[in-house]
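What follows is one structure encoded as structure tokens, with my remarks underneath.
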Amino acid sequence: MGRGAARVGRGGVRRGRVRGGRLALRLGRPLGAGPSDRRAARPLRASGAPSGRRGPVRPHEGPSDREPDPRLRVPDPAPDPGRAHPGILHVRRLADEGPLVQPGPRVRHDRRAPRNLLWPGVLRNRGARLLLRPDVAARPARQHPGEVDPRRADLPPLRLDRPGLRRGAGVRPVPVRRVRPRRTARGRRGRVLRVRPPVLAGPEPRDADHEPLHGRLDRHPRGDPGPPHRRRPARDVRVRRRAGDGAHRARAARRHRTRVVAEGALLSAAELPPRFEPKAIEARWQAAWERAGIARAPDRPERPAFTIVLPPPNVTGVLTLGHILGDTVMDVLVRYHRMRGTPSLWLPGVDHAGLSTQVEVRRRLAKQGVRFEELPREEALRAIEAWKQEHEARILEQLRAGGFSLDWSRYRYTMDPGSARATRDVFVHLFRAGLIYRGERMVNWDPLLRTAISDLEVVHREEETELLFVRYPWADGSDGGVEVATVRPETIFGDVAVAVHPDDGRHRAEVGREVVVPMTGRRVPVVTDSAVDPEFGAGALKITPRHDPVDREIAQRHPELAAAVEIFDERARLDGAWVPEIYRGLDRVRARTATIAALEEEGLLLRRAKYRHSVARSERSDEPIEPRLSTQWFVRMAPLAAPVVAAVRRGEVRIHPARWETTFYRWMESIQDWCISRQVIWGHPIPVTHCRACGHADASVEPIVACSKCGSTNLSADPDVLDTWFTSWLWPFVTLGWPDRTADLDHYYPTSVLVTGRDIMFFWVARMLMAGLEFTGRPPFSDVYLTGMLRDEQGRRMSKHLGNSPDPLQVIGERGADALRFAVVFPNPTDEDGPFGTGALDGGRNFLTKVWNLVRFARPFLAESDATPAPPAPGAGSVEVRWVLSRYERTRAEVDAALRAFEPTRAATALHTFLWHDLADRFVEMAKESLAGRAGADARRDTAGALGFVLERSVRLLHPFVPHVTEELWHALPHSGELLAVAPWPPEGEVPVDPEAELEMEPVLETIRWLRNLRSEEKVPAESTPAAWVRPQSPEVAEILARALPTIVRLARVERVTFLGPAEPAPPDAGSRVAPFGECYLARPVGTAAESEALGREREKLHGLLEKTRARLADPGFRARAPPDVVREAEEKARELEARVRRIDDHLKAAGSGEKAA
RNA sequence: GGGCCGGUGGUCCAGCGGUGAAGACGCCGCGCUUACAACGCGGAGGUCGACGGUUCGACUCCGUCCCGGCCCA
């Protein structure tokens, strides 16, 4: 079907992409490894639509927790004599019908429920702690130090003969659908069963899950006590199977939770649910903060302020988890500074996102069969406005749900009147300063949206296309021709020449001759240009100046060439004088097919090859960019960029992480002028008036009525609108009132830090710096914090395209805002790309549950008080008290340092480690004895005091990260103040760092660890408490261990610990380990064979180390050159290792002989 | 083509001249205990990408290479 003028020829040429005179493209390199052709090739089809798959977080499956179990019934209120309270409904599970577990492989009992159950039908609470009426002042009476242990004194004895409960008969399998898909996917554990705890069948449950811990809501601003309490929902209990475990089963049944309270009653704090329910807490505290106006920054702050402007999300879309990451970082910083007493402003707003919004609306209309381009302007704008309203509402909902403390009273929009005025002023200013110009340039043209876009809105992607080798026949009719390689045969119509490299010997004879452009009959010369890559193909390039920037440059160097004619219209359909009639109107895809066919028919298509190269596409429409010569408005960047680079170099603006500075400089120094005009309707108009009489263009803040040059009144407004970023780059000061000199501008500008993703560093950060310096004379912020990108669990970037970015609202609904917030800052650094998924979310939630339970544990021991817990006296209390205070102080310092250095992850990690491992795992475990009063009243007071102090402070430190839970917990702890959100930040040095205590804790913790290790190695049954012996390595260690003996005995679960002198013989029938501080022995369970595997392993390891250390010491260079203390350390280490190895050998010998004897 | 970043137990990551290489998830064993099974206790698992160099000493500094990612053209 090809019909173009056919000529014959030979020779293959191909255009290479050429940059800066360098020859870039080479044939013969592996596909995909090559540099790219700048010409956009039309792909077969636009890339795939979003898959619509939801992210990894799935909605809760399985039966609802709330359905009353029909097998349960509520007996008459028959209070347990002496302890129950009027108002408490007692629920009794019908034992035979209760949740059961069927024996089978690997049943494992869930102890969670049993643990908390005291009795079917009896609440765990003592009556004194229950609040019976909501109107009663909420704080329950508290135990005072010295009184009977609240936990022990009045619990009922277990009575197994209780009606409704038979020993061993409580648990039966209730197979249910999988509740937690991820976890239960581990098939090897066998079937997961769900045991349903009893459910209140009485008063209908309402929707909130439990009452605030604290009983003080009446003192809140407005005193809204929140929803009255209702029962805990039944929990899912996973039961893993394990054969022959009837005792456990019975216990499980016995202890089943029956936490039921009559309607209207409040749960006391002691009755905190073992897991917190984020939903109720979060909504309540968000409301409280809003009422209290915590985020409202003062109009006239008296001190220098801390300011962040929220990078305005596009009203186009919704927030993604990526936004949540940045927002969390910002909220952490703002809350931190607010608590430190700095007037703090976090200013919210949204961006009209001109182009992308229009794309979305266009897409939506297309689905309804409406062509956006055909709509009257007014209607199109209305459609966009409607879209904006919808999405704005959604975004605001998301921001609120996250608990972000934004000052909504200062909410702004890039299309509000203030922004419009500022945009206009800025344009006029730059126009007058000669920094804005209009000119015909090669721009990135989006044929779908029919607008120019800036370089930054173009994305390059490697794509597979076809490279065609086309013969351009000689014009004189002789055989052969020039072989040209191209990926864009459809642009042949626009060719004005064929170019070869001047030094390319193969083509020397061809230069100056004429060839015929296939399909057109036009004759064009063969010219030379050094921009041609001689190594690509046969080294000849077709020159299409209107459709390739490189070609245009070459053409400009050859004035003798014919002026090129446009061959595409604005939708990139073939058109124009050089295009033969039959091709006109074809879009690029069809044009390519047609031209290939034509070339083939004419015998000019020599070869086709698969070819991978980078294709430029419009970021918004995904349409391949058509380089196109057109008249646009530009901003000169170099004069604006120079001061920015200087400011960064001077350190006036710091970039975190600092390594991005290099990238920043590189980009700023090779910056291109910015094309700011867009041929769309959604945006700020370009404030330029054109004179129809003389063509003069002028910009003015005031309306222009007559041409300033010729006086004509025949004027027209510029039809284009401005790039969205032309408004966004003013954001940090426009939001504060600029161009007016407002109080906000005075107090809150320049802002403190800008937190945003790296992806818009050039788009936005760099341009804001330029605008700030140009229009306000100051950098708009002193620090830039660039966050990383969240990836999904497969390491893919989260994108709408992949459908792997869950909706934050959904995640918040499932796991809670706090869990989400913690998950984005921990454990992976916020300034690196990191994986994010259910794993991280679980981690966040688990941590919060841990903290929750810490408070839950501590509450009964804490004094009733309206005062902030005072720092314990320095040096008072047991080792563990001094130790935990010391660890607290170190943690506090670390958190401070990290937050000041913009390292939220480091701060979160410090808190995580301290709260979980130091406080919960170690201190609380050690403290239980003193708290129970068994170490005397003083110890109890000191320990409880330290616990209260540390917990209250820690909750404060944690607040910026997870504001809702901490607010809730804070009110459950002794504290002073109305809201944690405005409580002061814990000051430095309230308690000392105590290295001595830290040192002393070491052997204690180690001894416990080694004894536990022995337990495990020697397979000591869990319930038995064998005798233990310790041979301390020195009298000092002995003294330390002696002081901590009860703790060691308890935590290592041994019967007693006997100290052995250096020469005393080892106890018989005991497993042994040789620890750094001494030797540990543990009586073996009867019948266990002597087992020294672990000991042998230990010996190997230590021996290896010893050899290494000896070798080092043997090196004369080491002794001569290493610092003396390093040498001394090595010597000590060698001695210690030697001793230990020797002891192990003794033990092994003893064990060996013992075995022989046995 | 230019530039940047990274390569550490199964996974994700910390450490950035003297370590017995930290932690989290996962895995294995055991589940006693006055909060927490979304948990506790114990355990296994690493030639710190490869090769050279500098150094008394290298996961750490330098060079080359390999692999992955990103940005720019």
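To find a chain, count down the sequence lines: A is the first, B the second, and so on, and within it residues start at 1.
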Within the side chain of [X], is there an N or O that forms a donor-acceptor pair under 3.5 Å with the backbone of [Y]?
X	Y	answer
A:R1012	A:L1051	yes
A:T943	A:R940	no
A:R1112	A:F1118	no
A:D833	A:L790	no

Practice task
Starting from the 5' end of RNA chain B, give me the residue, A:N1013 or A:T663, whose nearest nucleotide shows up first.
Solution key: A:T663
Problem - Most 5' of A:T1109 and A:V458 on RNA chain B, judged by nearest nucleotide - result: A:T1109
NA contact type, [X], heavy-atom cut-off 4.0 Å: base, sugar-phosphate, or nothing?
X	answer
A:R1119	nothing
A:R922	nothing
A:A840	nothing
A:A1122	base
A:W916	sugar-phosphate
A:R1012	sugar-phosphate
A:T849	base
A:D759	nothing
A:R1015	nothing
A:L1102	base
A:E929	nothing

The side chain of [X] lies closest to which of these nucleotides: [options]?
X	options	result
A:R666	B:G3, B:C13, B:G18	B:G3
A:K850	B:G43, B:U34, B:A35	B:A35
A:D921	B:A38, B:G43, B:C41	B:C41
A:P1123	B:G18, B:A38, B:C13	B:G18
A:V1126	B:G18, B:C4, B:A38	B:G18
A:K928	B:G43, B:A24, B:A35	B:A35
A:E925	B:U34, B:A35, B:U19	B:A35

What integer number of Å spans the [atom1] atoms of [N] and [M]?
N	M	atom1	answer
B:A22	B:C65	C1'	30 Å
B:G49	B:A14	P	13 Å
B:G15	B:G9	P	16 Å
B:U8	B:G3	C1'	26 Å
B:C25	B:C70	P	29 Å
B:C30	B:C67	P	46 Å
B:A44	B:A38	C1'	25 Å
B:U34	B:G26	P	26 Å

Can you tell me the distance, in whole Å, between the [atom1] atom of [X] and the [atom2] atom of [N]?
X	N	atom1	atom2	value
A:L1105	B:G57	CG	P	19 Å
A:M926	B:U33	CE	C1'	16 Å
A:D1115	B:G57	CG	C1'	8 Å
A:N828	B:C25	CG	P	13 Å
A:F1118	B:U55	CZ	P	17 Å
A:R659	B:C70	CZ	C1'	11 Å
A:N853	B:G40	CG	P	10 Å
A:H460	B:C71	NE2	P	11 Å

Please give the nucleotide sitting opposite [N] as a Watson-Crick or G-U wobble pair, both distances under 3.5 Å, or none.
N	answer
B:C16	none
B:G6	B:C67
B:C39	B:G31

Exercise for the section: Please name the pair of heavy atoms, one in A:S930 and one in A:A935, separated by the smallest distance, quoted to 0.1 Å. Expected result: CA-CB, 4.1 Å
Problem - Ring-face cation of A:K928 near A:F923 (centre distance under 6.0 Å, axis angle within 45°) - result: no
Problem - Validation row: A:L969, A:L951 side chains within 4.5 angstrom (heavy atoms) - result: no
Problem - Separation of A:L1082 CG from A:R1015 CZ (nearest 0.5 Å) - result: 7.0 Å
